[in-house]
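One structure below.
In each ligand, atom 1 is the first atom listed, and ligand 1 is the first ligand listed.
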Amino acid sequence: MCGIVGYIGTCQAAPVLLDGLSKLEYRGYDSAGIAVYDGNKIQMQKAMGRLKVLEEMTQNGATLPGTVGIGHTRWATHGAPSDLNAHPHFNKDHSIVVVHNGIIENYLKLKKKLMSKGYEFLSETDTEVIAHMLDYYYNGDPLATITKVMHRMEGSYALGILFRDHPDEVYAVRKDSPLIVGTSKSGNLIASDVPAVLKYTRDVYFLENEGGYEHFMLKEMHEQPKAVKDTLTPRIKNGDVVIEELGMTDEEIRTISKIFIVACGSAYHTGVTAKYVFEKLARIPVEVDLASEFRYRDPILPENTLVVIVSQSGETADTLAALRLAKEKGVRTLGIVNVVGSSIAREADNVMYTWAGPEIAVATTKAYSTQLIAQYLLAMKFAKVRGTVSQNDFDAMIQSLERLPEQISLLLSHKENVQRFANRYLAAEHVFFIGRGIDYAISMEGSLKLKEISYIHSEAYAAGELKHGTISLIEDGTLVIGVLTQPKLYEKTISNMVECKSRGAYLMGLTTFGNYNIEDTADFTVYIPKTDPHFATSLAVIPLQLLG
Ligand code: GLU
């Protein structure tokens, strides 16, 4: 991930660009650059390393005149981090300049073609083909030219582009990489993310790939494949899990005697899933605690305990208090946090960021999904170091993890199915979610989503527990949603569903493709793609979010 900023207005552009880029530093980068147009000449400065280097080179932007410009922080995908590979990239006569976030998948083919037409490449980036292609197709009309180039490119991109012939314009397009537009009296901006423009404006437009969403929650649900990928990919290297920010030696990992996962709300539910995953894979005992309980119950934290604190905002009051308590008691703490520089991120001994991007909807979706990923990775890392998982199983799990983003996309693309069902059950007053093990953890999150979004009363029950009293609330037509992603528990939960059915319940099943005999019991079934059962929460939660 990297960042793009663009500005056109009445102020000097360079300081605005540098300031915007500094707000995108949280996305990670290895080099930075800006290009500014003063109506006469497009000037560029770029440098490997921190933004500070660029700030010093340009005296905080003062040396670059002009009120139109684009800037970039790069996370190299094609070509090593270097001054030359840093963006922006020019066409041959410096009349077009471009910054790019993403990957041009067919760049080699394009590059060969351009070289055969005499284009020379100065960098090793995929991005430089864009500059030369714009040059190749340029006919005086930037929009027509960009459109043509977009038809030739495969992959993901957010682009900021300046044309020397069009001194009053900044062009921006996106496909599968984020880009927003901010408008203000003193100028208009583009950026990869909202924080970069907040200093100048609150009027922000989200450019969508395929049109807008009805509300933020739906938008953020659709951002889950990317959020999951962004959280996962940087931590999988050569088939291994690498968590540099963990700050623990293998020896320290081996001596962990107990893990506490402490959180609130949906983050707590990720902990409930993670407990099963940690215990199964790494064979470390785990307690999951609600932060509001943990902080007041004087918990016993044995030596070599690791306290994992999970929070989207990094500011959740109870969770922060729980972190402080754990620190007071002298045990090691690890924050899993989405907001960079937040209180929990600052105060925990170590912090593992989830790269979900800003979450605007109150009901969490993409932060939840990334919190799961962070904990799967931790559990796998611990399991590997402690020798509690075979290499074969580990390799297969890595493959399963890598398939998740695409599988989540698939589930989201079938949302009409869930929508139709939700329409039928609009008038439901009580809904029960039942499941065992990880399926129970999924049920808890499904139930919370339903409550907080639709205001329908619902309960999540460990499937085997329902019969101890609560089953008497199930009557004709009560909706019961059985979650059955865990092969070993499948038959058990089916039998609990049958119990509900005999009391007249209407049954929805949520299970894995292949378990078609569920249709003998359930009245309506949603299937999720096959994955390692430890990671099923990441898939099963999607239809439940949609249902909510
Ligand atoms: N693929 C481009 C490069 O390696 C852009 C990477 C990025 O998104 O920063 O230069």
Side-chain angles (χ1 to χ4, degrees), residues 1-6 17-18 20-35 44-51 53-54 70-91 96-112 114 119-134 146 149-150 152-162 171-180 190-193 195-196 207 209 223 225-227 229-235 237 340 353 355-357 405:
M1 287 205 296
C2 69
I4 285 182
V5 178
L17 298 173
L18 289 170
L21 290 176
S22 73
K23 302 296 187 314
L24 300 176
E25 281 192 295
Y26 76 89
R27 302 165 75 82
Y29 66 101
D30 51 55
S31 51
I34 55 177
M44 175 172 81
Q45 283 287 357
K46 50 190 194 175
M48 193 170 136
R50 312 303 299 169
L51 205 52
V53 181
L54 190 65
I70 50 179
H72 186 265
T73 45
R74 176 175 186 240
W75 186 306
T77 64
H78 293 63
S82 70
D83 290 351
L84 216 57
N85 288 336
H87 300 207
H89 291 283
F90 269 125
N91 68 334
I96 302 173
V97 69
V98 60
V99 290
H100 164 222
N101 169 201
I103 291 175
I104 306 304
E105 285 162 6
N106 60 340
Y107 89 103
L108 261 184
K109 208 172 106 194
L110 297 172
K111 187 168 177 174
K112 271 193 197 135
L114 287 161
Y119 283 91
E120 282 172 27
F121 283 75
L122 302 178
S123 78
E124 303 152 303
T125 62
D126 50 339
T127 304
E128 200 181 344
V129 302
I130 306 173
H132 295 316
M133 283 220 296
L134 288 166
I146 293 169
V149 170
M150 284 175 75
R152 299 286 178 285
M153 294 193 299
E154 289 161 22
S156 59
Y157 47 84
L159 304 176
I161 311 167
L162 302 182
Y171 286 86
V173 292
R174 66 162 291 219
K175 174 181 172 284
D176 298 334
S177 291
L179 200 65
I180 59 132
I190 57 166
S192 308
D193 198 358
L207 296 189
N209 281 327
E223 286 169 357
K226 177 161 189 334
K229 198 171 182 173
D230 289 344
T231 304
L232 188 65
T233 316
R235 293 169 173 130
K237 295 195 176 125
V340 174
Y353 283 114
W355 298 116

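- Within ligand 1, counting atoms from 1 as listed, the ones closer than 4.0 Å to a heavy atom of Arg74 are 3 (C), 4 (O), 9 (O), 10 (O).
- Close approach of ligand 1 to Thr125 (heavy-atom distance below 4.0 Å) involves ligand atoms 10 (O).
- At a 4.0 Å heavy-atom cut-off, ligand 1 touches Asn101 through backbone and side chain alike.
- The closest approach between any non-hydrogen atom of Gly79 and ligand 1 is not below 4.0 Å.
- Looking only at distances, a side-chain donor or acceptor of Thr73 sits under 3.5 Å from a matching main-chain atom of Gly3.
- His87 pairs by the ring pair (Phe, Tyr, Trp, His ring centres under 6.0 Å) definition with His72, His89, not counting sequence neighbours.
- Taking every non-hydrogen atom of Trp75 and a distance limit under 4.0 Å, the qualifying atoms of ligand 1 come out as 6 (C), 7 (C), 9 (O).
- Taken from CD1 in Ile34 to CG in Leu18, the straight-line distance is 4.5 Å, to the nearest 0.5 Å.
- Considering each of Ser177, Ala86, Gly102, the one bringing a non-hydrogen atom nearest atom 5 (C) of ligand 1 is Gly102.
- A donor-acceptor pair is defined here as one N or O able to donate and one able to accept, closer than 3.5 Å; no such pair exists between the side chain of Thr125 and the backbone of His78.
- In this structure a side-chain-to-backbone donor-acceptor pair under 3.5 Å is missing from Lys229 to Pro405.
- Each of the following atoms of ligand 1 lies closer than 4.0 Å to a heavy atom of His72: 9 (O).
- Within the listing of ligand 1, atoms 2 (C), 3 (C), 5 (C), 10 (O) sit less than 4.0 angstrom from a heavy atom of His87.
- Looking at residues two or more places apart in sequence or on another chain, you find a salt bridge (charged side-chain N to carboxylate O under 4.0 Å, His left out) between Lys23 and Asp19.
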